[in-house]
Amino acid sequence: MSHEFDIVVVGAGPAGLAAATAAAGMGRKVAVLDDNPHVGGQIWRAGAGKSAADRAREQAVAGLESSSAELFAGRQVVDASPGSLQAWVGAEQRLESFQFESLILATGARERFLPFPGWTLPGVFGAGGLQALVRGGYDVRGKRVVVSGTGPLLLAVAAHLKQDGAEIVAIAEQAPVSQLAGFGVTLLSRPGKILQGIRLRAELSGVPYRTGCWVVAAEGSGAVTGVRLTDGTQTWAERCDLLACGFHLVPNTELASLLGCRITETGVEVNAEQRTSVAGVYCAGEPTGVAGVDAATVQGRIAGLAAAGQSAAAASLYGKRDAEVKFGRAMSRAFALRAEVLKLAEPDTIVCRCEDVRFGDLEGNCVPRTGWTDAKLQTRCGMGPCQGRICGPALDALFGWRNASVRPPVFPIPIAALCSAPLYDSEVSIHEPQEISQ
Ligand SMILES: Cc1cc2nc3c(=O)[nH]c(=O)nc-3n(C[C@H](O)[C@H](O)[C@H](O)COP(=O)(O)OP(=O)(O)OC[C@H]3O[C@@H](n4cnc5c(N)ncnc54)[C@H](O)[C@@H]3O)c2cc1C
């Protein structure tokens, strides 16, 4: 099955919704695809409620619904080239093809995980992952939960879990208070964020929030029953039923890489109009750098307007976007990883969970590994179903190894689907990075 649109948006989170609504509002024929059954992305997936986030979601969804943009939910984009992409429709076990003039990538971010002894025990979750499970009905009532790692998500997750009946034993934020204080100064010009922080702290009253504190090990035989925490001087044990642990976020850049877009340390490189280095391909939201929901929304709007040829309207939003991006950079500095959390893995600690590759295998006891490709060839690290989405960012943080080659399909699909897809042509997917015009 093949569809033709002027503009296709991949991702229906805040950035994708804003992009699709803006482009459709300019009379362009727009499709928005997301691999989830519901729109909203990571932050708004929960659905209707009464918080400020729920109202923002309602507004964004109403905007999309009242526009002419067409939503294709349950579509996982597995391959893309300028002009066309392939989406896997899991519910129907088939590939679907989309042709377009312009593509807007709004694929969001995911949590970063770092290996430490016990991190693969049942009961150890990503912080955002546990939040998503609870939103989906997982019962945490009466469970003792330690929330640890780094980033503003820890507070949001802890508040959410507490609201759902969990007992939050402690929040362990690895960033030192001196690093966070600088970020606090950045917040002074953003009363909305300060209010949000105050509200979260109030919801978490009585819960210890320890800065400069991190988990050194999760313990238990069949499942986690406790963790060891340290502040660098003292180490102590806390009993818990669940550990929610994530080390801030990393941008989802796989599709952009596949298209040949230039990627920097912080994410997909874009110009003022959110155009990437590949003609006709725009990028908005977290793949361009982790900066939060307000940045994602305004970037999406700019990308949608620019792709629809409305450069002047897009330019009127640059000031707001630039301020949000600056805020995101300050946030990344505040929650930068300390050296100690990169040294927690022991030789037998699993790093690649899909292929059971241990830290010792990666260090290469006799012959040191020279990089990502070498590690992959020698150990199968990153070659499992997640295709390096979990271990890749960890290897980057631990060893400075980057995955330089992304190949289609970017998510696993049945081989039969690949063989029977007449439109599937991976040859056209590899493009040389092009110069970006400012
Ligand atoms: C696990 C997690 C939990 C979070 N929870 C909170 C929170 O509670 N509060 C908060 O303020 N911020 C939270 N954030 C941060 C928040 O998600 C961002 O600030 C903001 O939502 C980014 O918007 P976005 O549109 O760029 O990306 P997202 O909201 O992530 O949207 C991207 C969408 O694209 C889809 N997608 C990606 N790749 C493909 C593909 N190949 N094919 C089809 N669809 C694809 C994704 O499934 C997703 O729906 C969370 C982030 C994560 C990763």
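Residues take their numbers from the sequence shown, with the count starting at 1. Numbering of ligands and ligand atoms starts at 1, following listing order.
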Numbering the atoms of ligand 1 from 1, which are under 4.0 Å from a heavy atom of [X]?
X	answer
A109	30 (O), 53 (C)
G285	26 (O)
G13	25 (O), 29 (O), 31 (O)
L255	41 (N)
D34	33 (C), 34 (O), 35 (C), 43 (C), 44 (N), 46 (C), 47 (O), 48 (C), 49 (O)
R75	42 (N), 43 (C)

Tell me the protein heavy atom at minimum distance from [atom], and give that distance in Å.
atom	value
atom 34 (O) of ligand 1	G11 CA, 3.2 Å
atom 4 (C) of ligand 1	L153 CD1, 3.5 Å
atom 25 (O) of ligand 1	A15 N, 2.9 Å

Judged by modelled atom types alone, do Q274 and R321 share a side-chain donor-acceptor pair under 3.5 Å? yes
Decide whether S2 and E4 meet the rule of one side-chain donor and one side-chain acceptor closer than 3.5 Å. no
Ligand 1 contact on [X] by region, counting heavy-atom pairs under 4.0 Å:
X	result
A132	neither
N36	side chain
L249	side chain
A296	side chain

Taking the side chain as every heavy atom from C-beta outward, state whether [X] and [Y] have any pair of such atoms under 4.5 Å apart.
X	Y	value
Y318	I302	yes
T276	E269	no
V32	L64	yes

Are F100 and H3 near enough that their ring centres are under 6.0 Å apart? no
Between C386 and C354, the two heavy atoms sitting closest are N-SG, 3.6 Å
Lys/Arg-Asp/Glu bridge criterion (N-O < 4.0 Å) met for E254, R110: yes
For [atom], which of the options [options] provides the nearest non-hydrogen atom?
atom	options	result
atom 26 (O) of ligand 1	E111, E286, K193	E286
atom 27 (O) of ligand 1	A106, G292, P14, G108	G108
atom 11 (O) of ligand 1	V10, L258, I43	I43
atom 39 (C) of ligand 1	V39, T107, D294	T107

Option passing salt bridge (Lys or Arg N to Asp or Glu O under 4.0 Å) with E167 (candidates K143, R144, R141): R144
Does Q59, at its CD atom, have more than 12 non-hydrogen atoms belonging to other residues, nucleotides or ligands within less than 6.0 Å? no
Evaluate [X] for polar contact with ligand 1, using N/O atom pairs at a separation under 3.5 Å.
X	answer
A284	no
Q42	yes
D35	yes
V293	yes
V77	yes

Would you say the side-chain atoms of D35 pair up with the backbone N or O of Q76, donor to acceptor, closer than 3.5 Å? no
Cation over ring, R389 on F411, under 6.0 Å and within 45°? yes
Check the angle between the aromatic planes of F335 and H248 and answer parallel, tilted or perpendicular using the 30° and 60° thresholds. tilted
Whether F125 and Y138 hold their rings parallel, tilted or perpendicular, with breakpoints at 30° and 60°: tilted
Positive for side chain to side chain donor-acceptor pair (under 3.5 Å) with T150, one of Q179, R338, R112, E173: E173
For [X], is the nearest heavy atom under 4.0 Å from an atom of ligand 1?
X	result
N252	no
F411	yes
Q131	yes

